[in-house]
S.K.: 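Handing you a structure now.
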2 protein chains.
Amino acid sequence: MEADSRRRYTIGEVAHAVGMSVHALRFYEREQLLIGPIQRSAGGQRQYGAVDIDWLGICTRLRESGMPLAELRRFADLIRQGPGNEAERLRLLDAHQARVEKQIAALEEAREIIAWKTNVYQQHLRAGDASGLWDPTAPQDDQVT
Amino acid sequence: MEADSRRRYTIGEVAHAVGMSVHALRFYEREQLLIGPIQRSAGGQRQYGAVDIDWLGICTRLRESGMPLAELRRFADLIRQGPGNEAERLRLLDAHQARVEKQIAALEEAREIIAWKTNVYQQHLRAGDASGLWDPTAPQDDQVT
DNA sequence: CTGCAAGCTAGAGTGTCCTCTAGGTCAAGA
DNA sequence: TCTTGACCTAGAGGACACTCTAGCTTGCAG
């Protein structure tokens with residue numbers, strides 16, 4: 001995420017640095033998810049700069065947090081257009097942040113349910129493997145676990 | 001999630017109750033993601049019971065928290081086999097819980113980065129829309145935002 | 001008894017996000 | 001120079017989790 005500001009990096013180096021595959025990097029470029037065009041060597045090979053790597057780091061975070069590529073592209077578009085549309089960038093990020101909060105809440109709820117179930121199993125294991133667990137007999141009022 | 005233990009429910013009612021589409025419910029059944037076969041009416045229509053609805057509620061939580069269907073199927077298989085494999089169920093849930101923790105951590109990190117970026121934009125908006133933001137000129141040492 | 005919403009099946013289609021392939025080219029060490 | 005590994009493009013392929021379609025049946029309200 002922090003790289004020498006003057007050096008140029010090959011696609012392989014970048015892939016390693018940001019934890020994506022070279023395939024994915026080329027795919028992102030094709031899909032216009034990067035800001036500014038990536039420079040090329042005389043022979044046509046990509047030469048990424050520190051800025052590109054920083055941006056890819058941000059991309060990774062946004063993706064990991066569930067931002068769809070379409071929205072990431074929108075964000076990249078806005079940045080590519082240069083200063084003047086900060087309000088829209090802000091809206092986009094705010095919307096995403098709301099999504100992230102919601103997802104954290106959902107995950108925490110799931111965590112509790114899992115913990116509860118885990119507990120049920122641990123107790124059954126301690127008690128000797130078969131008490132009130134579900135069983136395809138007596139189709140009424142039994143636990144599912 | 002808590003339903004009358006004796007009543008039977010149509011697929012539409014269940015879909016509404018658990019927040020899935022009827023398509024998804026049929027799909028889950030085909031894919032063996034449900035425990036026990038769903039009962040049918042004389043005419044062949046599904047009649048879900050409270051147990052099924054409970055299980056679907058758990059499915060929803062596990063899915064929301066990122067458990068792949070293959071693993072959910074594995075879990076359903078274990079339950080279908082009846083008591084005796086609690087240790088394996090526990091392993092499965094523990095593994096998933098670890099995944100959930102990791103995802104929560106990742107989301108919280110992302111949240112901070114987003115908050116920081118949001119801040120940058122807010123400041124720029126307050127300061128008058130164009131200071132040190134990225135601009136396709138002077139390709140060195142500038143912020144990306 | 002008629003109408004019509006809701007249900008049925010098997011299988012094809014969709015959207016998302018990469019990943020891989022084929023058929024080459026480039027670059028750097030021995 | 002030769003070899004080897006990394007890189008190139010355009011497009012096909014694939015995993016995942018549904019979602020929809022077509023053609024038909026059920027079942028309840030009027």
Side-chain angles (χ1 to χ4, degrees), chain A residues 7-34 37-49 52-53 55-76 96 99 103 106 110, chain B residues 7-34 37-49 52-53 55-76 96 99 103 106 110:
Chain A
R7 250 204 75 189
R8 315 259 82 208
Y9 299 84
T10 68
I11 197 171
E13 289 171 325
V14 174
H16 183 258
V18 304
M20 298 171 69
S21 70
V22 296
H23 294 301
L25 287 174
R26 289 194 276 249
F27 171 77
Y28 270 47
E29 187 174 342
R30 257 193 314 208
E31 295 293 312
Q32 318 250 61
L33 298 169
L34 307 185
I38 302 299
Q39 295 184 29
R40 299 297 183 113
S41 73
Q45 298 191 216
R46 292 172 178 83
Q47 297 181 309
Y48 295 81
D52 303 311
I53 293 178
W55 171 246
L56 280 166
I58 291 164
C59 285
T60 312
R61 294 299 162 195
L62 292 176
R63 285 287 303 119
E64 274 177 8
S65 56
M67 180 180 284
L69 291 192
E71 202 162 323
L72 195 49
R73 173 160 37 230
R74 178 98 195 89
F75 193 31
H96 184 56
R99 193 161 33 193
Q103 215 194 325
Chain B
R7 250 204 76 190
R8 315 258 82 210
Y9 300 85
T10 68
I11 197 171
E13 289 171 325
V14 174
H16 183 259
V18 304
M20 298 171 70
S21 70
V22 295
H23 294 302
L25 287 174
R26 290 194 277 246
F27 171 76
Y28 269 47
E29 186 174 343
R30 256 194 315 205
E31 295 293 310
Q32 319 247 61
L33 298 169
L34 308 185
I38 303 298
Q39 295 184 30
R40 300 295 183 114
S41 74
Q45 298 192 213
R46 291 173 180 81
Q47 296 181 310
Y48 295 80
D52 303 311
I53 294 178
W55 171 246
L56 281 166
I58 291 165
C59 285
T60 312
R61 294 298 162 195
L62 292 176
R63 284 286 305 120
E64 274 177 9
S65 55
M67 181 180 283
L69 291 193
E71 202 162 325
L72 194 50
R73 173 161 38 229
R74 177 99 195 88
F75 193 32
H96 184 58
R99 193 160 35 194
Q103 215 194 324

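Atom set for the values below is all heavy atoms of this structure, side chains included, hydrogens, waters and symmetry mates excluded.
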S.K.: Using the side chain to side chain contact (heavy atoms under 4.5 Å, CB included) definition, which of the options B:H96, B:R63, B:E31 pairs with B:L72?
M.R.: B:R63
S.K.: Any side-chain N or O of A:S41 less than 4.0 Å from the OP1 or OP2 oxygen of C:dA27?
M.R.: yes
S.K.: Would you kindly give the CZ-to-P distance between B:F27 and C:dG13, to the nearest whole Å?
M.R.: 17 Å
S.K.: How close or far is atom P of C:dC18 from atom CD of A:E29, stated in whole angstroms?
M.R.: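 Distance check: A:E29 CD to C:dC18 P gives 16 Å.
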S.K.: If you find the nucleotide of DNA chain C closest to B:R46 and the one closest to A:G43, which residue's nucleotide is nearer the 5' end?
M.R.: B:R46
S.K.: From the set C:dC18, C:dC20, C:dC8, return the single nucleotide nearest to any side-chain atom of A:H23.
M.R.: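 Nearest to the side chain of A:H23 among the choices is C:dC20.
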S.K.: Between P on C:dT16 and CE on A:M67, what's the gap in Å once rounded to a whole number?
M.R.: 15 Å
S.K.: Send over the distance from A:R8 CZ to C:dA27 P, rounded to a whole Å.
M.R.: 15 Å
S.K.: Which residues pass the side chain to side chain contact (heavy atoms under 4.5 Å, CB included) test with A:Q45, sequence neighbours left out?
M.R.: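 Testing A:Q45 for side chain to side chain contact (heavy atoms under 4.5 Å, CB included), a comparison that skips the adjacent residues, returns A:S41.
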S.K.: Categorize A:R63 for me: base, sugar-phosphate, or nothing, with a 4.0 angstrom heavy-atom threshold over every strand shown.
M.R.: sugar-phosphate
S.K.: Answer yes or no: is there an ion pair linking A:R61 with A:E64, defined by an N-O contact shorter than 4.0 Å?
M.R.: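 A salt bridge is present here (some side-chain N lies under 4.0 Å from a carboxylate O).
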S.K.: Please evaluate residues A:E71 and A:R74 with respect to the criterion salt bridge (Lys or Arg N to Asp or Glu O under 4.0 Å), reporting the C-alpha separation (whole Å), side-chain torsions for both, the decisive distance (0.1 Å), and the verdict.
M.R.: CA-CA 5 Å; A:E71 202 162 323; A:R74 178 98 195 89; over 6 Å; no
S.K.: At their closest point, which heavy atom of B:Q32 faces which heavy atom of B:R73, and how far apart are they?
M.R.: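 Looking at all heavy atoms of both residues, the shortest contact is O-CG, 3.9 Å.
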S.K.: Looking only at the aromatic ring of each residue, does the gap between the centers of A:W55 and A:Y48 stay below 6.0 angstrom?
M.R.: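 Judged by ring-centre distance (under 6.0 Å), A:Y48 and A:W55 do not meet the cut-off.
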S.K.: May I ask you to say what B:R26 touches in the nucleic acid, namely base, sugar-phosphate or nothing, with a heavy-atom cut-off under 4.0 Å?
M.R.: base
S.K.: Below 4.0 angstrom from OP1 or OP2 of C:dA6, is there any side-chain N or O of B:T10?
M.R.: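 No, outside the criterion.
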S.K.: In whole angstrom, what separates A:M20's CE from C:dC18's C1'?
M.R.: 9 Å
S.K.: Go nucleotide by nucleotide along DNA chain D from the 5' end; which of B:Q45 and B:A70 gets its closest nucleotide reached first?
M.R.: B:A70
S.K.: Starting from the 5' end of DNA chain D, give me the residue, B:R30 or B:A42, whose nearest nucleotide shows up first.
M.R.: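 Between the two, 5'-proximity favours B:R30.
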S.K.: In whole Å, I'd like the distance from the CG atom of A:L33 to the P atom of C:dC17.
M.R.: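 Atom-to-atom, A:L33 to C:dC17, this comes out as 9 Å.
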S.K.: Measure across A:R46 and A:E29 and return the closest heavy-atom pair with its distance rounded to 0.1 Å.
M.R.: NE-OE1, 2.5 Å
S.K.: Tell me, please, the opening and closing nucleotides of DNA chain D, 5' to 3', among those with an atom under 4.0 angstrom from a non-hydrogen atom of chain A.
M.R.: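 Counting from the 5' end, contacts occupy D:dC7 to D:dG11.
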S.K.: Output the rounded distance in Å from CD (A:E71) to C1' (C:dC17).
M.R.: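 The answer, rounded to whole Å, is 16 Å.
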